[in-house]
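Structure first, then comments.
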Amino acid sequence: MSDIRPRRKRARDVRTIDPTMFAVQKLRKGLLWIIPLFSAAIAGCFWMTAEIMVPTILDIAYRAPAVQVTPGMLVSPFLAALLILGMVLGGMRAIPLNERIVKPVEQAMIIVMLGAFVGLWLVPIMGIAQHFFMPSLGYYPCNILRGNPNKWSNDWVLDTQWCVKGQTIEWVKEQARSAVTPGASR
């Protein structure tokens, strides 16, 4: 019989590229522009939430004389959370961490994506619902005020006399203050 020698393992060819390592390198290159882009979008979402969404909710709660409702503002908190989790998950994938560590972040991202999907469906529903609920709060639609940016937002006033073409929401609020302030000149 012939001599049976154990076969030696083939030496790994240095020129072959590990596909997972190639994906990690591409992800790292992508993160160079994704992180600044996502950071700017996150800042925009926080600005939209702080400057548009919160004041609108407070104006409605405190019965402001004029309110501008933008249904699309519902998506901004979900979008900010989605972008933050996307950056975190991208960083975790660029480092190649254990799947046990990455799994909870992926599950949180799925939950936020579902919330964002629900928020997207609420945009047209809120646009329709505001025409039913704002009159029950005493508001009247007024889309002729100056500064009404587009068809996706609606102006609402408490008094129909304040709905004057070419005037701004600030003018309506000033008219309401002067109507309440005793001894104010008109």
query = So, the side chain of Arg28 versus the backbone of Ala94: is there a donor-acceptor pair under 3.5 Å, distance only?
reply = yes
message = Restricting to non-hydrogen atoms, name the atom on Ala66 and the atom on Lys173 that form the minimum distance, rounded to 0.1 Å.
response = O-CE, 3.6 Å
task = For the pair Asn143 (side chain) and Asp155 (backbone), establish whether a donor and an acceptor sit closer than 3.5 Å, ignoring hydrogens and angles.
result = yes
query = Minimum heavy-atom separation for Ala64 to Tyr139, with atom names?
reply = O-OH, 2.8 Å
message = Tell me if the OH atom of Tyr140 is crowded by more than 12 foreign heavy atoms within 6.0 Å.
response = no
message = With heavy-atom distances below 4.5 Å as the criterion, would you say the side chains of Pro77 and Met48 are in contact?
response = no
ask   = Thinking salt bridges, do Glu106 and Arg100 make one under a 4.0 Å N-O criterion?
value = no
message = Within this structure, what is the CG-SG distance for the pair Leu145 and Cys142, rounded to the nearest 0.5 Å?
response = 3.5 Å
remark   = Smallest heavy-atom separation, Leu83 atom then Ala41 atom, equals CD1-CB, 3.4 Å
ask   = So, does Thr70 use its side chain to make a donor-acceptor pair with the main chain of Met73 at under 3.5 Å?
value = no
query = CD1 of Ile111 to CE of Met113: how many Å apart, nearest 0.5 Å?
reply = 10.5 Å
query = Can you hop from Ile169 to Leu137 via hydrophobic side chains spaced under 4.5 Å?
reply = yes
ask   = Would you say Leu122 and Phe117 are hydrophobically clustered, going by side-chain heavy atoms of ILVMFWY under 4.5 Å?
value = no
message = With a 4.5 Å cut-off on side-chain heavy atoms, are Val164 and Trp171 touching?
response = yes
Any side-chain heavy-atom pair of Met92 and Val105 under 4.5 Å = yes
query = For the atom pair CE (Met109) and CD1 (Ile84), what is the distance rounded to the nearest 0.5 Å?
reply = 11.5 Å
query = In a check of side chain to side chain contact (heavy atoms under 4.5 Å, CB included) between Asn154 and each of Met134, His131, Gln68, which one passes?
reply = His131
Spatial distance of atom CG (Leu58) from atom CZ (Arg63) [nearest 0.5 Å] = 15.0 Å
ask   = Does Val24 share a hydrophobic cluster with Leu32, counting links as ILVMFWY side-chain heavy atoms below 4.5 Å and allowing steps through other members?
value = no
ask   = Out of curiosity, Gln167 CD to Gln175 CD, how far, rounded to the nearest 0.5 Å?
value = 7.5 Å
request  = Evaluate the side-chain proximity of Met87 to Ser39: yes if any heavy-atom separation is below 4.5 Å, no if none is.
outcome  = yes
message = Could you tell me if the side chain of Pro65 sits less than 4.5 Å from the side chain of Val157, heavy atoms only?
response = no
task = Examine Ile52 and Ile57 and state if one hydrophobic cluster contains both, with Ile, Leu, Val, Met, Phe, Trp and Tyr joined whenever side-chain heavy atoms are less than 4.5 Å apart.
result = yes
inquiry  = With a 4.5 Å cut-off on side-chain heavy atoms, are Val69 and Ile60 touching?
reply    = yes
query = Can you tell me how far CG of Leu79 sits from SG of Cys45, rounded to the nearest 0.5 angstrom?
reply = 4.0 Å
